Amino acid sequence: MASLSAISLSFFPAASVAETLRLTETTLTEVNQALEKGAVTSEQLVKLYLKRIETYEDQGPKINAIISVNPNAIAEAIALDKERQEKGPRGPLHGIPIIVKDNYNTKDIPTTAGSILLNNSLPPDDAFTIKKLRDAGAIIIAKANMSEFAESYGWLGYSSLGGLTLNPYKLTRNPSGSSGGSGAAIASSFALLATGTDTSGSIRGPASVAGIVGIKPTQGLVSRDGIVPLTLSFDSAGPMTNTVRDGAIALGIMAGMDRNDPRTLDSQGKSYQDYTQFLDQDALKGAKIGVVIDFNGGNEEVDALTQQAVSKLKELGAEVVIVDLPTQLENLWPLMEEVTEAEFEPQLDNYLQTLTASVPKSLERLITLALSNTIAQSSNALNPGRIRGAQASVEHTGLADARYLYITQYEFPRVRQVLTSIMESQELDAMIFPTMRCPAGPVYTLEKDRTYECNIDDPYTPGYLANVSGFPGISVPMGSTKEGLPVGLTFFGLAYSEPTLLGFAYAYEQATQFRRSPSSTPPLPGETINY
């Protein structure tokens with residue numbers, strides 16, 4: 001068996017890992033060691049993950065995180081196994097099964113953004129990021145369900161094509177949105193890595209409630225070309241994984257300039273192919289961390305876990321200072337909503353025009369189809385809120401609207417300036433806050449859940465800082481509620497501070513080890529391999 005290349009070896013710690021591969025909660029380090037030693041093949045891995053999907057998607061808890069399965073996944077694995085034997089691995093994702101959110105273009109698997117309106121739509125080519133992942137040797141075994149066209153409107157985890165994804169930690173709770181399928185899939189060990197998109201917290205929220213790591217990078221670090229747009233002023237793409245190290249590996253492969261996404265041109269000289277070089281268990285020693293206090297009060301358990309996280313940061317050697325944000329930064333949603341209304345129609349129409357499939361080529365035609373009896377009276381009906389949001393965008397005057405221009409050209413730069421001023425004036429290396437102010441909420445079909453406590457209208461307000469500013473945020477597990485629901489902590493920093501944030505997130509993760517598998521998707525026979 002060929003050895004890992006010198007390049008790929010740099011992604012993994014020097015210490016050997018135990019020679020037992022357990023499919024649930026395994027890591028890229030462990031899987032690559034097993035592949036290198038011939039204890040398992042990529043073909044076997046794909047079959048094991050597909051068995052888990054079959055067992056827990058269509059049977060048992062019916063998590064419903066997957067919207068489609070790649071029929072060619074096993075054949076691709078066989079080919080990559082042969083390549084490994086003949087030439088050695090391409091790198092740390094060679095022959096690794098991954099799951100892709102269904103708004104990333106895949107030329108051989110339908111890309112629907114969760115919508116029955118785009119059923120069976122095959123794009124003409126792969127998204128830029130998908131090509132990078134495939135060139136690295138990754139095997140897309142499935143596409144993940146998502147909130148339709150990446151916005152939930154209260155029906156978190158629902159799409160007209162894929163139905164409702166459930167939270168594997170409590171099946172009456174939602175998986176958050178819009179990357180809820182990706183989060184639930186990784187929590188359920190359906191793959192080692194999933195991709196997500198984040199417009200208003202849509203990677204970090206699902207990561208928080210799934211007890212995994214979600215990276216919303218600096219806007220421009222990862223290309224959005226070939227991803228169904230929601231609001232390009234905010235849209236970002238990034239990885240969702242079980243561990244910070246796996247997220248760092250994936251980010252290095254996904255990052256890079258793409259001339260089809262001009263926003264990425266700013267990242268020249270600011271990205272890395274190997275972000276694992278910044279992972280340091282002692283990274284928090286001497287760091288100065290700002291604790292944002294504006295997001296307390298949503299839920300007592302979340303507040304208590306946040307305080308415990310602050311104590312742990314101090315224990316790990318960080319200096320902690322209180323940050324009280326200006327009132328106008330506490331909830332940026334009203335500004336974001338106006339921008340989404342302006343941008344969604346023209347940007348989606350541009351995307352639809354790139355499709356060769358026989359699908360409607362405008363948002364207006366999509367709405368007409370959604371309101372037709374054929375769909376509106378079927379089991380594939382759209383979320384009424386999603387339709388209203390689409391209608392609002394069609395009715396909006398668009399990108400030349402004076403209010404839109406004022407927000408994007410004045411308000412948003414001011415947000416960036418204020419955040420930069422806060423961090424620079426206090427010499428902060430990062431800021432922290434709960435990823436969400438409340439745990440995962442009840443699924444929309446449940447009228448009442450007396451076990452759910454949320455004392456504010458919008459638990460997602462912390463996440464908006466990163467979307468409006470374009471700055472990065474990384475969510476890592478910070479414990480669970482008495483109901484066993486995971487809660488996330490966000491490390492937030494200025495543009496292109498991913499190396500620093502990853503170091504802090506890794507140090508915190510290694511000191512706490514909060515990640516736990518959900519009981520609804522336990523290991524199956526044959527998933528433990530000793531060698």
Side-chain angles (χ1 to χ4, degrees), residues 156 167 169-170 172-176 183 200-201 203-214 216 284 287-316 318-333 419 422 426 428 430-442 449-466 473-493 501 504-505 507-509 511-516:
L156 291 140
N167 189 314
Y169 289 91
K170 189 173 184 180
T172 56
R173 297 293 179 96
N174 68 58
S176 188
S200 54
I203 285 174
R204 292 157 292 152
S208 177
V209 305
I212 63 172
V213 175
K216 183 270 174 199
L284 284 161
K288 192 174 183 181
I289 307 294
V291 178
V292 179
I293 61 172
D294 304 80
F295 303 124
N296 298 331
N299 175 276
E300 290 183 1
E301 289 186 276
V302 172
D303 291 350
L305 289 169
T306 304
Q307 286 304 309
Q308 291 174 24
V310 171
S311 297
K312 178 58 70 171
L313 295 179
K314 292 178 180 177
E315 181 184 317
L316 294 172
E319 177 188 354
V320 171
V321 298
I322 298 299
V323 172
D324 188 358
L325 296 174
T327 303
Q328 62 266 35
L329 297 191
E330 291 178 1
N331 185 2
L332 293 166
W333 177 248
L419 287 169
I422 290 171
Q426 299 194 50
L428 301 178
M431 293 197 287
I432 64 157
F433 40 80
T435 303
M436 289 175 55
R437 298 175 68 180
C438 299
D449 184 342
R450 297 185 185 278
T451 67
Y452 179 61
E453 176 200 337
C454 191
N455 303 315
I456 38 92
D457 292 331
D458 186 353
Y460 289 88
T461 51
Y464 304 153
L465 293 175
I474 301 176
S475 181
V476 294
M478 70 168 179
S480 299
T481 69
K482 62 186 177 183
E483 293 285 321
L485 293 163
V487 174
L489 176 72
T490 287
F491 288 88
F492 172 82
L501 299 184
F504 293 163
Y508 177 76
E509 172 199 55
T512 55
Q513 298 291 324
F514 283 128
R515 171 69 198 152
R516 296 290 184 273

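Every value quoted in this text rests on a predicted model; they were computed, and no experiment measured them. Just the heavy atoms: all of them, side chains too, but no hydrogens, waters or symmetry mates, feed the values below.
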- Query: Using a distance-only test with no angle check, is there a side-chain donor-acceptor pair under 3.5 angstrom linking Ser208 and Thr435?
  - Reply: no

- Item | No-hydrogen, no-angle side-chain donor-acceptor test under 3.5 Å, Tyr169 and Ser480 | no

- Query: Roughly how far apart are Leu284 CG and Phe504 CZ, rounded to 0.5 Å?
  - Reply: 5.5 Å

- SG on Cys438 to CG on Leu485, rounded to 0.5 Å: 11.5 Å

- Query: Would you call the rings of Phe295 and Phe433 parallel, tilted or perpendicular if under 30° counts as parallel and over 60° as perpendicular?
  - Reply: perpendicular

- Query: Looking at Arg173 and Asp449, does any basic side-chain N land under 4.0 Å from a carboxylate oxygen?
  - Reply: yes

- Stepwise side-chain contact (heavy atoms from CB on, under 4.5 Å) test for Thr512 and Val476: CA-CA 10 Å; Thr512 55; Val476 294; over 6 Å; no

- Message: For Met431, run the side-chain contact (heavy atoms from CB on, under 4.5 Å) check against Val321, Ile289, Val323 and tell me which one passes.
- Response: Val323

- Message: Ignoring hydrogens and geometry beyond distance, is a side-chain donor-acceptor pair present between Asn299 and Tyr452 at under 3.5 Å?
- Response: no

- Note on the structure: Interatomic distance, CG@Asp458 vs CE@Met436, rounded to 0.5 Å, equals 9.0 Å

- To the nearest 0.5 Å, atom OH of Tyr460 lies from atom OG of Ser200 at 8.5 Å

- For the side chain of Thr490 and the backbone of Phe492, is there at least one donor-acceptor N/O pair under 3.5 Å apart? no

- Query: What is the minimum heavy-atom distance between Pro486 and Ala210, and which atoms define it?
  - Reply: CG-C, 4.0 Å

- Item | Check against side-chain contact (heavy atoms from CB on, under 4.5 Å), Asn167 and Asn174 | CA-CA 5 Å; Asn167 189 314; Asn174 68 58; 5.8 Å; no

- Item | Inter-residue atom distance Tyr508.OH - Gln513.CD, 0.5 Å rounding | 11.5 Å

- Test item: Arg437 side-chain N/O and Thr461 main-chain N/O as donor-acceptor pair under 3.5 Å: no

- Message: Checking the side chain of Lys288 only, and the main-chain atoms of Gln426 only, is there a donor and an acceptor separated by less than 3.5 Å?
- Response: yes

- Would Ile432 and Val292 satisfy side-chain contact (heavy atoms from CB on, under 4.5 Å), going step by step from the backbone distance to the final call? CA-CA 6 Å; Ile432 64 157; Val292 179; over 6 Å; no

- For side-chain contact (heavy atoms from CB on, under 4.5 Å), just list the numbers for Val310 and Lys312, CA-CA rounded to whole Å, side-chain angles, deciding distance to a tenth of an Å, and then say yes or no. CA-CA 5 Å; Val310 171; Lys312 178 58 70 171; over 6 Å; no

- If you draw a 6.0 Å radius around CD in Glu300, do more than 12 non-hydrogen atoms from other residues or ligands fall strictly inside? no

- Donor-acceptor pair, Lys216 side chain versus Ala466 backbone, under 3.5 Å? yes

- Message: Please give me the minimum heavy-atom distance between Pro434 and Met478, naming the atom from each residue.
- Response: CB-CE, 4.1 Å

- If you round to the nearest 0.5 Å, how far is CG of Leu465 from CD of Glu330? 10.0 Å

- Task: Among Val320, Asp324, Asn296, Leu428, find the residue that satisfies the side-chain contact (heavy atoms from CB on, under 4.5 Å) test when tested with Val291.
- Result: Val320

- Message: With no hydrogens and no angle check, just 3.5 Å: does a side-chain donor-acceptor pair link Lys170 and Thr451?
- Response: yes

